Amino acid sequence: SDPSKPRPDYDLEWVHGYQAQTSRQSLVYTATGEIAYTCAAVGVQYDIATHKQRFNRHAYTNIGLQDDAISLAISADGKYIALGEQGKRPKVIVYETRTMKTAGVLKGHKRGVPQLAFSNKGHTLTTVGLDNDHRVITFHWSSGNTVHSAKGDTNKIMGVQYAPDDSHFITVGVKHIYFWFKNRSGFKKKRGILGSRGKMQTMLATGFTPGGNALVGAADGSVYIFDDVKLKKIVEAHSGPVTAMFSTGTEILTGASDNTLKVWDAGFTSSSHEFSFNSGIRSVHAARGKPILVGTNESEIIQLDKSSGEQTLVSEGHFAAFHHIGELWGLATHPTEQKYATCGDDRTIRVWDATTRRELAKASLEGLARAVAYSPDGSLIAVALGGRLGGKEDGVEGAFRVLDAETLEVVHEAQDSEQWIQDIKFSPDGATLAVASHDCKIYLYDVAGGYASKGVCSGHSSYITHIDFTADSAFLQSNCGAYELLFWDANTGEQDPSGASNLRDAEWATWTC
């Protein structure tokens with residue numbers, strides 16, 4: 001066999017990041033003491049002590065997710081985790097936290113499964129769909145049998161939770177609260193009664209006191225406390241929407257978009273502790289003998305010591321900063337060291353150690369970042385700025401920055417294009433920096449000459465998507481949105497109309513076109 005060829009199959013070794021933008025209460029401790037969460041179509045379990053990850057990953061098989069996981073629930077004993085995916089015919093995967101093996105596959109929803117909850121005894125799992133009726137299905141998950149299926153509400157359901165005695169569960173969402181009580185045929189739905197004191201609004205989180213009173217976190221920052229289905233009391237808990245809630249059995253934790261986490265007594269009458277974070281709270285969880293586990297809107301995983309207030313950053317990564325949308329775009333490997341750089345729509349550039357699997361450095365940028373490249377000697381990193389997010393331009397358009405690769409300090413900045421940059425590359429000899437823009441042009445800069453212009457490649461009929469240098473740094477090839485493949489002199493920017501034939505035997509430094 002030829003050892004220079006890559007293996008036809010690969011094993012996942014590490015995942016940077018935690019998916020917090022489209023799911024809440026999706027960061028938990030398992031019975032093994034690991035931290036569990038999701039990223040893309042993978043269930044991740046991370047052991048802090050050994051700095052190792054394990055995965056439930058069976059993509060494109062009958063026992064694995066085929067699309068992104070958008071929800072997670074853990075059984076009360078921490079032995080099983082359920083993952084709900086998005087997609088036309090989404091599955092729910094239940095796996096064992098000790099072995100990471102899939103223990104059950106559940107079907108019946110459409111478009112996605114954004115909410116999940118195990119019963120406290122662990123035998124049943126209630127799931128919520130993204131269809132027009134937001135159907136609520138309760139499964140006996142080990143057998144796959146459906147216990148009950150009914151319409152939820154035409155408005156989106158934002159939370160589901162079982163009462164401590166499993167006699168009923170609650171679903172909350174956009175302008176609705178429902179209590180689902182067990183009966184012989186499954187469950188009977190009753191609407192929560194607010195009376196004159198309550199305001200029906202978007203309800204984002206739910207839980208129960210140890211005594212069985214339902215708690216509902218509202219968009220105005222208050223928590224509604226129920227006696228059976230009737231509103232009993234309203235507590236002004238936070239100054240922003242209550243987005244996360246968890247009961248330890250003796251205390252209740254609430255997190256909100258006001259960047260605070262509060263610890264309440266079991267009856268939810270008073271708060272004993274309040275902690276501030278750098279961004280909104282998406283998940284709170286606790287386990288005996290463990291610090292409070294906190295997930296933030298910026299995809300940070302944090303352990304909080306309640307006694308001292310000390311916060312330990314366990315993990316961080318790129319995140320969707322604009323209305324829960326956005327992507328990681330740029331990736332470049334260091335030419336000689338086990339490092340790589342990434343950039344994305346969260347306006348950051350990050351450098352990672354491929355050996356230790358830890359973040360080495362991070363810097364903020366003035367806008368969306370869609371491409372990144374190392375210089376051949378690894379001393380510089382070039383970052384391309386601009387892009388559209390949510391249908392709008394965001395931040396600096398058409399600029400680029402050159403950073404010191406160690407400090408991430410800006411050593412040069414420039415802008416000749418008014419539209420965003422999709423690709424950026426140094427020539428193999430390090431003499432030229434090529435910047436490919438959505439204005440259909442490629443800008444060439446003299447690196448040693450203070451990034452003076454060497455020429456502009458003009459001739460594409462659509463925005464530039466990819467560029468490659470020849471190994472001798474003399475020529476460029478480029479693709480555009482119109483699927484054209486054009487060739488250029490890398491020193492002058494002049495087009496070579498016969499490039500396809502003239503360069504048919506050329507060696508290319510990269511091959512992305």
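Just so we're clear, the structure is a prediction, and the values are computed from it rather than from any experiment.
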TODO: Taking all non-hydrogen atoms of both residues into account, name the closest pair between Arg370 and Gly386 and its distance.
DONE: CG-O, 3.2 Å
- [ ] Taking the six-membered ring for Trp and the full ring for Phe, Tyr or His, determine whether the centres of Trp14 and His51 are under 6.0 Å apart.
- [x] yes
Open item on the list: Just checking Tyr18 against His318, ring centres under 6.0 Å apart?
Closed with: no
State which residues pass ring pair (Phe, Tyr, Trp, His ring centres under 6.0 Å) with [X]; sequence neighbours excluded, sorted by chain then number.
X: Phe277; answer: none
X: Phe246; answer: His285
X: Trp420; answer: Trp329, His438

Residues forming a salt bridge (Lys or Arg N to Asp or Glu O under 4.0 Å) with [X], sequence neighbours excluded:
X: Arg135; value: none
X: Glu300; value: none
X: Arg401; value: Glu366, Glu413
X: Glu236; value: none

Task: Residues which pass side-chain hydrogen bond (donor to acceptor under 3.5 Å, both in side chains) with Ser271, listed by chain and number, not counting sequence neighbours - done: none
Show me, pair by pair, the donor-acceptor contacts under 3.5 angstrom made by side chains of residues 32-45, not counting sequence neighbours?
unit_1	atom_1	unit_2	atom_2	d
Thr32	OG1	Thr30	OG1	2.6
Thr32	OG1	Glu34	OE1	2.5
Glu34	OE1	Gln45	NE2	2.7
Glu34	OE1	Arg54	NH2	2.7
Glu34	OE2	Arg54	NE	3.1
Tyr37	OH	Gln53	NE2	3.3
Gln45	OE1	Tyr95	OH	3.3
Gln45	NE2	Thr97	O	3.0

- [ ] Could you note down all residue pairs passing side chain to side chain donor-acceptor pair (under 3.5 Å) where residues 189-198 supplies at least one of them, sequence neighbours left out?
- [x] Tyr178-Arg191
For residues 210-226, dump all side-chain donor-acceptor pairs below 3.5 Å to protein atoms at least two apart in sequence or in another chain.
unit_1	atom_1	unit_2	atom_2	d
Asn213	ND2	Phe226	O	2.9
Asp220	OD1	Ser222	N	3.0
Asp220	OD1	Ser222	OG	2.5
Asp220	OD2	Gln201	NE2	3.1
Tyr224	OH	Lys199	N	2.9
Tyr224	OH	Lys199	O	3.1
Tyr224	OH	Gln201	NE2	3.2

TODO: Could you pull out all residues at least two apart from Asp133 that satisfy side-chain contact (heavy atoms from CB on, under 4.5 Å)?
DONE: Asp131, Lys151, Thr154
